[in-house]
Visitor: 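Following this message is one structure expressed as structure tokens.
All values below come from the heavy atoms of this structure, side chains included, with hydrogens, waters and symmetry mates left out. Numbering of ligands and ligand atoms starts at 1, following listing order.
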Amino acid sequence: MTADTRQAMASLFDRTAQTYDALGVDFFTAFAHDLLDRVALVPGERVLDVGCGRGAVLFPAAERVGVDGSVLGIDLSSAMIERTAKDIGDRRLTNASVSLMDAQEPTLDDGVFDVVLASFVVFFLPDPVAGLRSWHRVLKPGGRAGVTTFGADDPRWAGVREVFKPFVPAELAWTLAVRAALFASLESFGQAVESAGFSAVSSVERTYPVKFADPGHWITWSWSHGQRMFWELVPEDQLDAVRRAVLAELEPLRESDGSVVLAQTVRYTTAHRGCLRARAAVEA
Ligand SMILES: C[S@@+](CC[C@H](N)C(=O)[O-])C[C@H]1O[C@@H](n2cnc3c(N)ncnc32)[C@H](O)[C@@H]1O
């Protein structure tokens with residue numbers, strides 16, 4: 001994943017923007033609220049929401065900082081930015097705005113934000129530590145950061161992930177494996193955050209049951225976010241076969257009401273821009 005792939009990633013999210021987080025699954029918006037609880041925004045604060053997408057973090061953050069505060073959302077997907085800008089206008093919000101901008105090297109002044117939030121974006125950056133350094137740079141001294149990442153995959157769903165593996169080119173598989181090392185544990189990611197200059201790094205992990213009405217609902221939903229990348233690696237003439245293989249993997253996981261439930265582990269990492277470098281603290 002080189003710097004050149006940033007635009008490809010943004011284009012991928014352009015294609016997801018219409019249905020992103022809008023298919024009746026408690027996912028990004030639910031996790032955004034938990035992130036905001038941990039960062040504990042207060043009225044009047046100036047917030048940067050990096051990789052804002054459709055505003056899962058931005059809208060509740062704007063509510064929490066109130067009219068005396070502000071939230072700027074940045075994203076490299078023009079479709080995400082256009083749709084979220086329209087929603088801001090429709091809601092007549094005066095304390096929220098969005099801008100088309102790269103998350104890794106945002107063109108923003110040093111030391112201007114009280115809080116930087118980045119929910120499920122850091123792992124898309126070609127150089128995640130460079131992104132973290134930028135977020136540290138734009139924070140005021142004493143400012144706070146809150147970063148959300150995914151934890152370990154649900155082992156019950158391993159068969160679904162296996163279905164896509166033959167279509168992942170070797171170079172991409174290698175890149176994903178190298179990057180996985182950075183996000184392998186709370187400790188490894190905490191060290192990366194510290195290496196970007198942050199102090200008082202603290203992480204907590206939670207696992208949520210994410211419910212889909214039936215296996216087909218998961219398939220539809222999986223086209224609406226980053227998983228779409230794996231669908232788009234499948235040649236058109238093999239899509240039906242892959243779809244059938246996924247359904248076969250999910251069939252045995254059905255609950256009595258026909259639904260399937262994914263155990264999704266999410267990690268919330270908070271940190272400060274301070275003078276002292278503290279050891280990463282990992283909560284249970
Ligand atoms: C999984 S979505 C998360 C969106 C939102 N934070 C949420 O929690 O719903 C990832 C977002 O990061 C954006 N993104 C990916 N790479 C980016 C980059 N280099 N710069 C800015 N945004 C980027 C995508 O366009 C997408 O909107």
Visitor: Between the candidates V57, T5, D75, which shows the shortest non-hydrogen contact distance to atom 26 (C) of ligand 1?
Guide: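 Among V57, T5, D75, the closest heavy atom to atom 26 (C) of ligand 1 belongs to D75.
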Visitor: Using a strict cut-off of 4.0 Å, indicate which atoms of ligand 1 neighbour a heavy atom of M80.
Guide: 27 (O)
Visitor: Can you give each donor-acceptor pair under 3.5 Å made by side-chain atoms of residues 22-29, sequence neighbours left out, with the distance rounded to 0.1 Å?
Guide:
unit_1 : atom_1 : unit_2 : atom_2 : d
T29    : OG1    : D21    : OD2    : 2.6

Visitor: Using the rule that Ile, Leu, Val, Met, Phe, Trp and Tyr join whenever any side-chain heavy atoms are under 4.5 Å apart, tell me whether V50 and I88 fall into a single cluster.
Guide: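 In one cluster with V50: I88, yes.
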Visitor: If the cut-off is 4.0 Å to any non-hydrogen atom of S77, which atoms of ligand 1 fall inside it?
Guide: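 In order of numbering, the contacting atoms are 25 (O).
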Visitor: Which protein non-hydrogen atom lies closest to atom 16 (N) of ligand 1, naming both residue and atom, and how far is it?
Guide: F124 CB, 4.0 Å
Visitor: If we set the cut-off at 4.0 Å for heavy atoms, which region of A118 has an atom near ligand 1: side chain, backbone, both, or neither?
Guide: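 It is neither; nothing of A118 touches ligand 1.
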Visitor: Counting both backbone and side chain atoms, is some N or O of A10 under 3.5 Å from an N or O of ligand 1?
Guide: no
Visitor: Side chains of Y20 and R228, heavy atoms from C-beta outward: is any pair under 4.5 Å?
Guide: no
Visitor: Could you tell me whether D34 and R38 make a salt bridge, using a distance below 4.0 angstrom between a side-chain N and a carboxylate O?
Guide: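 No, D34 and R38 are not salt-bridged.
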Visitor: Given side chains that start at C-beta, do those of P215 and V246 come closer than 4.5 Å, heavy atoms only?
Guide: no
Visitor: Taking 4.0 angstrom as the limit and counting only heavy atoms of D102, give me the atoms of ligand 1 inside it, by number and element.
Guide: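 Contacts of ligand 1 toward D102, numbered from 1: 18 (C), 19 (N), 20 (N).
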Visitor: Is it true that K211 and E255 make a salt bridge, defined as a side-chain N closer than 4.0 Å to a carboxylate O?
Guide: no
Visitor: M101 heavy atoms, cut-off 4.0 Å: which ligand 1 atoms fall inside?
Guide: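 Checking each atom against M101, I get 20 (N), 21 (C).
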Visitor: Check R64 with D37, please: is the shortest side-chain N to carboxylate O separation under 4.0 Å?
Guide: yes
Visitor: Report, in ascending order of atom number, the atoms of ligand 1 lying under 4.0 Å from any heavy atom of L125.
Guide: 18 (C), 19 (N)
Visitor: Report, in ascending order of atom number, the atoms of ligand 1 lying under 4.0 Å from any heavy atom of S119.
Guide: 3 (C), 5 (C), 6 (N), 8 (O)
Visitor: Quick one: which of Y208, F150, Y268 gives a ring pair (Phe, Tyr, Trp, His ring centres under 6.0 Å) with F31?
Guide: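 Exactly one candidate clears the test, Y208.
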Visitor: Give the residue, atom name and distance (to 0.1 Å) of the protein heavy atom nearest atom 20 (N) of ligand 1.
Guide: A103 N, 2.8 Å
Visitor: Specify the protein heavy atom at minimum distance from atom 12 (O) of ligand 1: its residue, its atom name, and the distance to 0.1 Å.
Guide: V121 CG2, 3.3 Å
Visitor: In terms of side-chain geometry, is the basic nitrogen of D114 or K140 positioned less than 4.0 Å from the acidic oxygen of its partner?
Guide: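 Yes, this pair counts.
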Visitor: Going by an N to O cut-off under 4.0 Å, is there a salt bridge joining D102 and R6?
Guide: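 Answer for the salt bridge query: yes.
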Visitor: Write out the residue and atom name of the closest protein heavy atom to atom 22 (N) of ligand 1, then the distance separating them to 0.1 Å.
Guide: L76 N, 3.2 Å
Visitor: Among all the protein's non-hydrogen atoms, which is closest to atom 10 (C) of ligand 1, and how far away is it?
Guide: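 Protein heavy atom at minimum distance: F120 O, 3.4 Å.
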Visitor: Tell me: protein heavy atom nearest atom 5 (C) of ligand 1, and distance?
Guide: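 Nearest neighbour among protein heavy atoms for atom 5 (C) of ligand 1, to 0.1 Å: G51 O, 3.3 Å.
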Visitor: Test your reading of the structure: does Y20 have an N or O sitting under 3.5 Å from an N or O of ligand 1?
Guide: yes
